[in-house]
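Reviewing the structure listed below.
Here is how names work: the chains are called A, B, and so on, in the same order as the sequence lines, proteins then strands, and each is numbered from 1. Given the structure is predicted, the values throughout are model-derived calculations rather than measurements.
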Amino acid sequence: MEEAQKYVWEGAIPLQIHLHESEVTTLPTPPPALILAPRIGYLPLLVPQIKPHFSNALPPGSPDTVWFDYNGLPLKWYIPTGVLFDLLCAEPERPWNLTVHFRGYPSNILVPCEGEDSVKWSFINSLKEAAYIINGNCKNVMNMSQPDQVELWRSVLNGNLEAYVRISSKLKLGTVGDEYADGGGQGQVKTGRVPVRLYVWSVSEDFDDLEDAPQIDSWDKISYINRPVEIHGEEGNYFTLQDAVKSILPEYFPNKSSTNEESSRDEDENEQTVPSEEGEKYLSENVESRYPSDNVEIKLVRIQGIEPKMEIPFSWVVKNLTNPEHYLHICVCLKVPQVL
Amino acid sequence: MGTKEEAQGTLSSTDFGVAASAFILNWNTVCSSFPPWTWVLSHHQVEGYLSLENMLLSSTQEEHGELSCPGRGIHSHQEDPIDVDDATLVHTNPCKVHYYDLHIIYCNSYRVPVLYFRAYDSDGEPLEFDEIEKDLPAYSKKALSDSKWTFITQEEHPYLNRPWYKLHPCGTSEWMKLLFHADDALAKTGVAIELYLVTWLSVVGHVVGLRIPFEMMKQL
């Protein structure tokens with residue numbers, strides 16, 4: 001099992017970074033910078049490597065915050081680099097051609113970034129959220145000693161898996177998935193939540209080649225869904241990746257029974273809770289699918305650059321393909337019928 | 001609302017919908033002279049959220065930048081609403097008038113509502129954070145300086161793909177738990193869900209200087 005984690009941590013995307021033409025002040029145009037970006041890392045962390053490459057070409061005056069775009073789309077800096085690549089490049093482009101800007105930060109679109117500190121805090125806040133999802137509280141993360149926090153972040157910065165495992169194991173963030181992935185824990189009925197971030201884009205026309213997939217030119221075309229997957233103890237190894245993805249897309253794949261939360265409550269309390277009429281109004285309004293579920297097709301699922309078979313046990317995916325902040329990032333392409 | 005969740009101060013996504021509709025009714029009745037809260041269905045997703053737009057929050061006069069319902073609520077417990085001349089809300093320096101959009105969005109991770117907001121001046125120009133900071137009550141300013149990255153941060157709105165200010169939710173369930181336990185009446189009459197948002201906002205609103213009129217707590 002550790003092999004897969006090592007594989008993930010060593011994963012990298014070759015980037016070819018061009019300075020935006022409006023910022024080039026020298027002739028000839030500086031050649032692009034070639035950088036190997038860790039999949040589990042973040043673009044702003046690469047700036048110390050990139051800036052020296054272009055510093056001669058930049059106009060005078062102090063630069064603004066650095067930002068990147070891909071084909072004109074400003075890139076969200078708090079999304080791990082590997083996820084951005086999997087999401088925006090249907091047909092993987094190697095090297096991945098990005099444009100770097102040292103001016104004109106689009107602060108109406110992108111959340112501000114103050115360099116490494118911003119990325120670190122975004123990471124820690126996500127880790128806290130994941131801890132809350134898994135354990136019902138974020139005490140472990142909040143109570144981390146200062147040196148531990150620093151070392152944890154450093155291990156992510158440097159891609160040091162050994163150091164990371166040493167510190168993160170203190171946080172006790174194993175999920176329900178673990179016991180099944182190891183082949184043990186038979187007969188244990190346990191319900192748990194798994195932190196998942198889903199990035200969904202839909203197409204209405206089929207395409208055979210990924211090259212023909214429509215370009216994503218706006219973030220409005222992507223649904224970002226930050227919703228934990230609930231694993232019910234009895235399902236164990238039978239709960240597949242497909243089941244997991246469908247369970248957090250009820251608008252495309254309506255649940256036949258009551259929502260996950262209600263059924264887990266029932267398990268615990270042995271009582272039938274009936275939502276009030278008001279609640280039902282929202283429930284039926286919301287859960288009614290816009291599409292007959294037969295016609296919605298999962299065309300593509302990508303995690304850490306891999307397209308796993310949909311029948312793979314979800315517990316394996318969780319155990320091996322999670323990012324260091326304990327989130328599983330899943331890119332999904334859905335084919336939906338044209339909305340009339 | 002399941003007893004388990006009540007005990008934890010959290011609520012399910014379904015219950016959030018219930019709480020929201022009760023809250024809308026309550027607010028729109030008690031504070032009818034204010035902009036209404038509305039329920040917005042997000043484009044792609046199952047969920048909806050509460051939205052209040054163009055809410056006036058002044059930063060002059062009182063130190064706490066207080067917002068109050070004119071006529072009803074805190075300053076007057078009379079039955080009949082007093083028609084307050086809107087001019088009294090406008091201060092000598094009209095440039096200091098700040099408008100807020102507030103969104104209450106359910107967070108699946110923490111199972112509590114989260115407050116997102118943005119602010120702008122009377123020309124519709126977005127306010128910089130240091131101007132918003134001036135609006136905030138003193139205790140919020142202190143919290144801001146103590147916990148820069150974990151109290152109010154600028155983050156992406158979950159649905160709108162734009163930066164909004166967000167109030168961090170990780171302590172919410174703790175104090176909601178305390179509030180619910182402290183009030184026996186809530187537990188007994190079982191109206192916990194309907195009152196969840198009023199209770200929650202009466203605490204959270206303080207951060208941005210929004211005071212919930214007492215009358216809303218009595219509405220059932």
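Separation of atoms OG (B:S109) and NZ (A:K128) is listed at 13.0 Å; rounding is to 0.5 Å. B:Q154 contributes atom CD, which lies 10.5 Å from atom OG of A:S118 (distance to the nearest 0.5 angstrom). Rounding to the nearest 0.5 angstrom, the gap separating the OH atom in B:Y159 from the CG atom in A:D220 is 14.5 Å.
For A:S107, the part sitting under 4.5 Å from any heavy atom of chain B is the backbone (N, CA, C, O) and nothing else. Only the backbone of A:L110 comes within less than 4.5 Å of a heavy atom of chain B; no side-chain atom from C-beta onward does.
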Evaluation steps, side chain to side chain contact (heavy atoms under 4.5 Å, CB included), between A:V111 and B:R162: CA-CA 7 Å; A:V111 169; B:R162 290 285 183 279; over 6 Å; no
Candidate pair B:E156 and A:Y78, rule side chain to side chain donor-acceptor pair (under 3.5 Å), full reasoning: CA-CA 10 Å; B:E156 190 134 321; A:Y78 54 86; 2.8 Å; yes
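Under the salt bridge (Lys or Arg N to Asp or Glu O under 4.0 Å) criterion, A:D69 pairs with no residue, sequence neighbours left out.
The minimum heavy-atom distance between A:I109 and B:P163, with the atom names listed, is O-CD, 3.6 Å.
Under the 4.5 Å side-chain criterion, counting only non-hydrogen atoms from C-beta, A:K76 is in contact with B:N161. The side-chain heavy atoms of B:F129 and A:P112, taken from C-beta on, include no pair separated by under 4.5 Å. With a 4.5 Å cut-off on side-chain heavy atoms, A:Y132 and B:C107 do not count as touching. A:N226 has its side chain out of reach of B:P158: every pair of non-hydrogen atoms, C-beta onward, lies at least 4.5 Å apart.
Here salt bridge (Lys or Arg N to Asp or Glu O under 4.0 Å) pairs that include residues 194-203 of chain A, with residues two or more places apart or in two chains, are A:E129-A:R197.
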